[in-house]
Participant: 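Mind having a look at this structure? Questions to follow.
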Amino acid sequence: MEQIDSLYSKQDLISLFTKVGVKKGMTLEVHASLKSFGHVLGGSQTFNDALIELLGYNGTIVMPLHMSDRGEPSRFMYPPVNFSLIDEYRNGMPPFDKTDSETIGMSKIYENLRRRNKAEMTSHPVYPFVAYGKYAKILCQGSSSIHEPFNEKSIIKKLYDLKGYCLLAGVGFDSMTSLHLGEYLANARPYIIDGTSIKKEDGKCWTKFLDLDIDSDDGFLEIGQLLESKGYVSSLKEGSLELKLVPIEYAVKEAIEYYQKRYRYYRGDIRERI
């Protein structure tokens with residue numbers, strides 16, 4: 001029978017976050033796996049309480065609330081949707097709602113932040129974010145267009161402009177959402193047509209939108225290795241748990257350079273690996 005052999009309290013987490021370089025007043029994109037910590041007293045509530053206390057009044061937390069199951073079902077791979085069910089899937093998907101729509105495969109930490117008073121949320125129906133703290137409203141305001149959710153009007157571009165940091169707590173660089181901005185700015189992906197269900201005055205509507213064919217499995221881990229080799233990453237390892245703190249500005253610039261070196265386009269959107 002398994003037993004609890006170690007515990008993390010709020011003060012333990014504050015100590016860990018401080019050691020890896022998190023400071024008061026930071027604007028912080030956070031990606032975390034609560035399971036990687038073993039047992040946290042109070043779970044996701046304690047995790048977020050620790051971050052909020054450490055960052056203080058001038059700090060801001062940003063987390064993804066991605067709802068990938070709300071996208072175009074014909075593009076699903078894990079698992080794929082039977083072709084005969086595509087229309088039923090589209091027609092049956094309820095419209096996006098900031099309060100009621102659920103994330104898929106995301107950490108409880110993100111949902112806990114979403115439920116907090118004064119938390120703000122972006123309005124994209126497939127790739128929303130939640131923010132809490134000083135710059136939460138500024139970060140979550142922006143273009144009402146659902147096209148190109150990670151472009152130069154997105155919340156991750158604002159994180160870049162604010163010289164924010166990304167905390168990876170028990171997860172790898174392939175979870176770092178802000179690296180998608182590098183894919184956009186490098187023109188490293190072809191366009192795709194995605195889709196989702198949204199509310200309209202006369203009811204719900206399945207709506208198509210343009211996006212790049214973003215892919216965190218193609219390059220994000222290698223970009224992380226480059227960032228570490230250049231000394232941009234602060235790392236902390238405690239047992240099997242590993243934390244990394246990364247400046248978003250340098251990460252995005254490294255991503256742009258990485259993709260521009262490896263890909264080029266010809267005859268429209270046909271991609272060729274160099």
Participant: Would D194 and R70 pass as an ion pair if we require N to O under 4.0 Å?
Facilitator: no
Participant: Sequence neighbours excluded, which residues qualify as salt bridge (charged side-chain N to carboxylate O under 4.0 Å, His left out) partners of E111?
Facilitator: R114
Participant: Can you tell me how far the OH atom of Y259 sits from the CG atom of L185, to the nearest 0.5 Å?
Facilitator: 12.0 Å
Participant: Looking at every non-hydrogen atom in both residues, tell me the closest pair between M26 and V22 and how far apart they are.
Facilitator: SD-CA, 3.8 Å
Participant: How long is the straight-line distance from CD of E222 back to CG of D174, given to the nearest 0.5 Å?
Facilitator: 10.0 Å
Participant: Apply side-chain contact (heavy atoms from CB on, under 4.5 Å) to the pair K10 and I14, showing each step before the final yes or no.
Facilitator: CA-CA 6 Å; K10 182 174 75 170; I14 289 174; 4.1 Å; yes
Participant: Hey, is K19 close enough to E238 for a salt bridge, meaning N to O under 4.0 Å?
Facilitator: no
Participant: So with a 6.0 Å cut-off around OH of Y165, is the heavy-atom count from everything else above 12?
Facilitator: no
Participant: Just checking K118: does its NZ atom have more than 12 heavy atoms from other residues, nucleotides or ligands closer to it than 6.0 angstrom?
Facilitator: no
Participant: Measure across A131 and C140 and return the closest heavy-atom pair with its distance rounded to 0.1 Å.
Facilitator: CB-SG, 3.7 Å
Participant: Write down the atom of S101, the atom of P95, and the distance for their closest heavy-atom approach.
Facilitator: OG-O, 3.8 Å
Participant: Going from OG1 on T27 to CG on L139, what distance comes out if it is rounded to the nearest 0.5 angstrom?
Facilitator: 6.5 Å
Participant: Per the side chain to side chain contact (heavy atoms under 4.5 Å, CB included) rule, which among V233, L227, L236 passes with K244?
Facilitator: V233
Participant: How about F220 and Y258: are their ring centroids closer than 6.0 Å?
Facilitator: no
Participant: Compute the centroid of each ring, for H124 and then for F209, and state whether the two points are separated by less than 6.0 Å.
Facilitator: yes
Participant: So, Y135 and N58: side-chain donor and acceptor under 3.5 Å apart, yes or no?
Facilitator: no
Participant: Charged N to carboxylate O below 4.0 Å: is that the case for E257 and K261?
Facilitator: yes
Participant: List the steps, then state whether side-chain contact (heavy atoms from CB on, under 4.5 Å) holds for F37 with L16.
Facilitator: CA-CA 11 Å; F37 286 80; L16 277 178; 4.2 Å; yes
Participant: Does any N or O in the side chain of E29 come within less than 3.5 Å of the main-chain N or O of S178, such that one atom is a donor and the other an acceptor?
Facilitator: yes
Participant: Rounded to the nearest 0.5 Å, how far does NZ of K23 lie from CG of L55?
Facilitator: 12.5 Å
Participant: Where the side chain of H31 meets the backbone of M176, is there a donor-acceptor pair that is under 3.5 Å apart?
Facilitator: no
Participant: Looking at every heavy atom in both T122 and P128, which two are closest together, and how far apart are they?
Facilitator: OG1-CA, 3.2 Å
Participant: Check whether the side chains of S9 and Q11 place a donor and an acceptor atom closer than 3.5 Å, and report yes or no.
Facilitator: no
Participant: Quick one: closest heavy-atom pair of M106 and H66, and the distance?
Facilitator: CG-O, 3.6 Å
Participant: Using modelled atom types and a 3.5 Å cut-off, is there a donor and acceptor pairing between side-chain atoms of Y110 and backbone atoms of A32?
Facilitator: yes
Participant: Taking NZ, NE, NH1 and NH2 as the nitrogens, is one of them in D218 or R189 under 4.0 Å from a carboxylate oxygen of the other?
Facilitator: yes
Participant: Quick check for you: to the nearest 0.5 Å, what is the distance between S84 atom OG and Y89 atom OH?
Facilitator: 14.0 Å
Participant: Shortest non-hydrogen contact from D217 to D215?
Facilitator: N-OD1, 3.0 Å
Participant: Could you tell me whether a side-chain N or O of S197 sits under 3.5 Å from a main-chain N or O of M93, the two making a donor and an acceptor?
Facilitator: yes
Participant: Verify side chain to side chain donor-acceptor pair (under 3.5 Å) between Y184 and D211, making sure each step is shown before the conclusion.
Facilitator: CA-CA 10 Å; Y184 270 82; D211 193 8; 2.3 Å; yes
Participant: Go through N112 and K108 one step at a time and tell me if the side-chain contact (heavy atoms from CB on, under 4.5 Å) criterion holds.
Facilitator: CA-CA 6 Å; N112 176 271; K108 292 180 180 179; over 6 Å; no
Participant: Is I146 reachable from L65 through a run of I, L, V, M, F, W or Y residues, each pair having side-chain heavy atoms under 4.5 Å apart?
Facilitator: no
Participant: Just by distance, do the side chain of T46 and the backbone of V40 share a donor-acceptor pair under 3.5 Å?
Facilitator: no
Participant: To the closest 0.5 Å, what do you measure between CE (M121) and CD1 (I155)?
Facilitator: 10.5 Å
Participant: Applying side chain to side chain contact (heavy atoms under 4.5 Å, CB included) between Y132 and each of N117, V62, T60, I52, report the one that passes.
Facilitator: I52
